[in-house]
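Written below as structure tokens is the structure these notes are about.
In the text below, chain A, chain B and the rest are named by the order of the sequence lines, each starting its count at 1. Any value given below was found using the heavy atoms of this structure, including those in side chains, with hydrogens, waters and symmetry copies removed.
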There are 4 protein chains.
Amino acid sequence: MLRINESSPIPIYLQIVEEIRLMILGKTFATDDRLPSIRQIAADLKVNPNTVAKAFQELENRGLIYFRRGQGAFVAKISEEDQKMRIIEDLNRKFGQVIKSAMEMGLGHDEIKKLFEKALISCEIKEGN
Amino acid sequence: MLRINESSPIPIYLQIVEEIRLMILGKTFATDDRLPSIRQIAADLKVNPNTVAKAFQELENRGLIYFRRGQGAFVAKISEEDQKMRIIEDLNRKFGQVIKSAMEMGLGHDEIKKLFEKALISCEIKEGN
Amino acid sequence: MLRINESSPIPIYLQIVEEIRLMILGKTFATDDRLPSIRQIAADLKVNPNTVAKAFQELENRGLIYFRRGQGAFVAKISEEDQKMRIIEDLNRKFGQVIKSAMEMGLGHDEIKKLFEKALISCEIKEGN
Amino acid sequence: MLRINESSPIPIYLQIVEEIRLMILGKTFATDDRLPSIRQIAADLKVNPNTVAKAFQELENRGLIYFRRGQGAFVAKISEEDQKMRIIEDLNRKFGQVIKSAMEMGLGHDEIKKLFEKALISCEIKEGN
DNA sequence: GTGGTCTAGACCACG
DNA sequence: GTGGTCTAGACCACT
């Protein structure tokens, strides 16, 4: 389920944090669902369990998951509005960065919009597969 | 001119690479323009000259700049089409990532589009300042 | 195993690159073999680890080695033909340079050949020891 | 007449030294011939006069040239035998290096000889042009 | 243990 | 002045 990019400069544990964060916000996991075990994920990703453990700790620090001794990690409760807000803020920030860099490269409003729409369609096609 | 984010997990030298790359693609610098000196940038950003040197070396490896001994670093020639192509590929990839994460969080086509347009407008307002 | 020449005008890190390159092409190391660690080589050669790291980075750029996080550097895969081709090109270039300089010094075909053969034999004797 | 390689790691002044050394040993210049002026060479190579001056100084240190105030640099006297010996030593050393690297890459006597002969012929063809 | 990043600061080559 | 190399040594990410 998870995917990491070995050659990215971003530490693996932060890539895992981000992936799981998105899954939680996107309700792939619901409140109080049990997450896959650290060992399970480590085996899937062919990564050291310590690395996954570090990611889980980070998620706990951010209040997105909690641990039950001997049972594993579970999705923490977030209110609907809170969740929606976080998603929107997140995307707003990400879109902002891309648009900013597009503007730095000299593209205008219409060009940017066109590129976005092309990317959106191409994503939907991939998703459809 | 350049800005770096100290707390980002992305290494400083790669942040510098990315900033300069965007400037070159966006024609802030034209072909054969001299870039600011390593020492200059290092002083501006308050980082070690070696860190900037590493960024420059990376840019040279990617063929975006070249060096003249004792004179400094200069913007390499890229054909117009090549440049346009790189910009588009770059944005396509970046938009793709954001859209993908939006879909993972359960947003639909229209919601994503709406968020994008909001972000675009808010960027233009900032730019206008 | 490695040797460097302190007084050469060629930077130490490039000398290391060349030595390891020859070892890989000459199959002293096979595909996916682990190279000695940066720290190990640095200690052996009595140079700074950063210098060796720079050499390794260069080898990675040239596609001769790859890294696994936390494990070390490994010999990348090269096809047999590719390897043979590189070796031949390399030697052709090197011989060409020496022959060219010999010609510039006024030596004729036969003299050059004689010198080469003498050198070849003397190398074989050394090798035999 | 001279050629330098901008992208070589060997300093330009040492490249110039080597070129002129070969010319002197190869009798392109005879004893007491006047060498081209520093400014002349600097202009030809599009290099800073300081760089050429440094090369000349190095040649003087090695006893290959001498200066006459206000007149320029001249080829120093070398005995015939001395000259022949230097040439041979030089080539022997260079061939030795190439052969050594060939052996390190696992090539045998006959393969090396074949490659050498091919290179020799291809050099003669170039020279013939 | 591994490599990766970064700093502080030295010295060199080149213009 | 420019970039290039190198050292000494720190801290981080990962196995």
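- Atom CD1 in D:I12 sits roughly 13 Å away from atom C1' in F:dG3 (whole-Å rounding).
- Considering only side-chain atoms of D:T51, the nucleotide from F:dG3, E:dT5, E:dG15 that sits closest is E:dG15.
- Residue contacts shown for B:R39 include a base, since a base heavy atom lies under 4.0 Å away.
- C:N48 has its CG atom 11 Å from the C1' atom of F:dT5, to the nearest Å.
- The residues C:K94 and C:D90 are annotated as salt-bridged, a charged nitrogen and a carboxylate oxygen being separated by less than 4.0 angstrom.
- For the pair B:R69 and C:E60, nearest-nucleotide mapping onto DNA chain E gives the more 5' position to C:E60.
- Between the A:Q15 side chain and the A:N5 main chain, a donor and an acceptor come within less than 3.5 Å of each other.
- A:E19 places no side-chain N or O within donor-acceptor distance of the main-chain N or O of A:I4, the cut-off being under 3.5 Å.
- Going from atom CG of D:L45 over to atom P of E:dA13 covers 19 Å, rounded to whole Å.
- Atoms CD (B:E6) and P (E:dT5) sit 16 Å apart, rounded to a whole Å.
- Here the P atom of nucleotide F:dG4 and the CG atom of B:N61 are 11 Å apart, to the nearest Å.
- Base pairing annotation: E:dC14 forms a Watson-Crick or G-U wobble pair with F:dG1, both donor-acceptor distances under 3.5 Å.
- For the pair C:Q71 and B:A53, nearest-nucleotide mapping onto DNA chain F gives the more 5' position to B:A53.
- Donor-acceptor pairing under 3.5 Å, judged by distance alone, is present between the side chain of B:N50 and the base of E:dG9.
- In this structure, B:P36 and A:K54 both approach DNA chain F, and ranking their closest nucleotides by distance from the 5' end singles out B:P36.
- No donor-acceptor pair under 3.5 Å is formed between the side chain of C:R62 and the backbone N or O of C:R21.
- For B:Y13, a side-chain nitrogen or oxygen approaches OP1 or OP2 of E:dT5 to under 4.0 Å.
- Along DNA chain E, the nucleotide nearest C:I38 and the nucleotide nearest B:V47 are compared for position; the residue whose nucleotide lies closer to the 5' end is C:I38.
- Aromatic ring pairs are classed by plane angle as parallel below 30°, tilted from 30° to 60° and perpendicular above 60°; the pair B:Y66 and B:F74 is parallel.
- What separates CD1 of A:I4 from P of F:dA13 is a distance of 16 Å, to the nearest Å.
- Per the geometry, CD1 belonging to D:I16 stands 9 Å off P belonging to E:dC14, to the nearest Å.
- For C:L35 and E:dG3, the CG to P distance is 9 Å, given to the nearest whole Å.
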